[in-house]
Amino acid sequence: MSKLILKPEERIILALDFPVLKEAKTWVERLGGKVKTYKVGPILFLNSGPRGIKDLSNYGADIFLDLKFHDIPSTVEKAAKQVVGHGIKMFTIHALGGFEMMRVVAEGVRTESERLSRPKPLVLAVTVLTSHSDESLSELGIEGTSKNSVLRLAEIAERAGVDGLVCSGFEVESLGKEFGDRFTLVVPGVRLGDKTQDQKRVTTPVEAVSRGADYLVIGRAITEADNPGAALDEIILSIS
Ligand code: C5P
């Protein structure tokens, strides 16, 4: 796979972490001229479900379904097959679910897309959450640096046949060196200033993109900015 050629604004995925669909729609109406892809996670999905996805898609938005599936292989495979019917652009599973879980998802999504004659959503494996530090990983019994954990999980994800990885801006460069253009790389934990909130492995948009990120997931840096439109413009300009 060759590296994605994307316009700066196409790299931005806005995280719609709102508990009501109405608010999410307001953001798509407000920023839809610039941002094409919107992330629906559990906060919004538990409020509005597939109906919300349909409503947002009706604006012409591409949907990133971020429910981070992590369960036994057969359960996640069946859930992933359900994703195909909803016209989703990309969705997440946890790489920590292991090789077999990732393998049956990659295979199941491929066959289900063929069966339904629908575009295949990208399967993204979340490596190590950007809210983790080396210390919080050690507390869980995962020793070594977060970068080493990400590289190890990426090697398993590659064998399992997933399309992309979610990682922090600190690991994208190493992933590019190790795996070339094999993966679509999606980076959350993006900040313009020093307000990190609950995120730990944080980078600026320009750092993440210059190191090889394809997409940036951005939530509060835009939605909680004093002037969201200006924050978005600043981000687009910085990666242009
Ligand atoms: O508001 P903020 O920009 O921190 O939001 C980041 C979004 O990306 C959240 O919706 C979060 O669930 C998601 N995410 C993350 N770290 C990952 C994967 C997804 O922060 N590794």
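Counting convention: from 1, in listed order, for ligands and their atoms alike. Only heavy atoms go into these numbers, but all of them, side chains included; no hydrogens, no water, no symmetry mates. This structure is a prediction, so every number in the text was calculated from the model and none was measured.
- Within 4.0 Å of ligand 1, the residues that place a heavy atom are A15, D17, K39, D66, K68, V126, L129, T130, V166, P188, R191, Q199, V217, I218, G219, R220, listed by chain and number.
- S131 and Q199 are not linked by any side-chain donor-acceptor pair at a separation below 3.5 angstrom, with hydrogens and angles left out of the test.
- Tested against Y38, the residues I13, D62, V28, I53 include a single side chain to side chain contact (heavy atoms under 4.5 Å, CB included) partner, V28.
- Annotation for E139: atom CD does not count as buried by contact number, only 12 or fewer foreign heavy atoms lying within 6.0 Å.
- Judged by distance alone, the side chains of D163 and T184 never bring a donor and an acceptor atom under 3.5 Å apart.
- A donor-acceptor pair shorter than 3.5 Å can be found between the side chains of S168 and E171.
- Using the six-membered ring where Trp is involved, F18 and W27 have ring planes that are parallel, under 30° apart on the 30 and 60° scheme.
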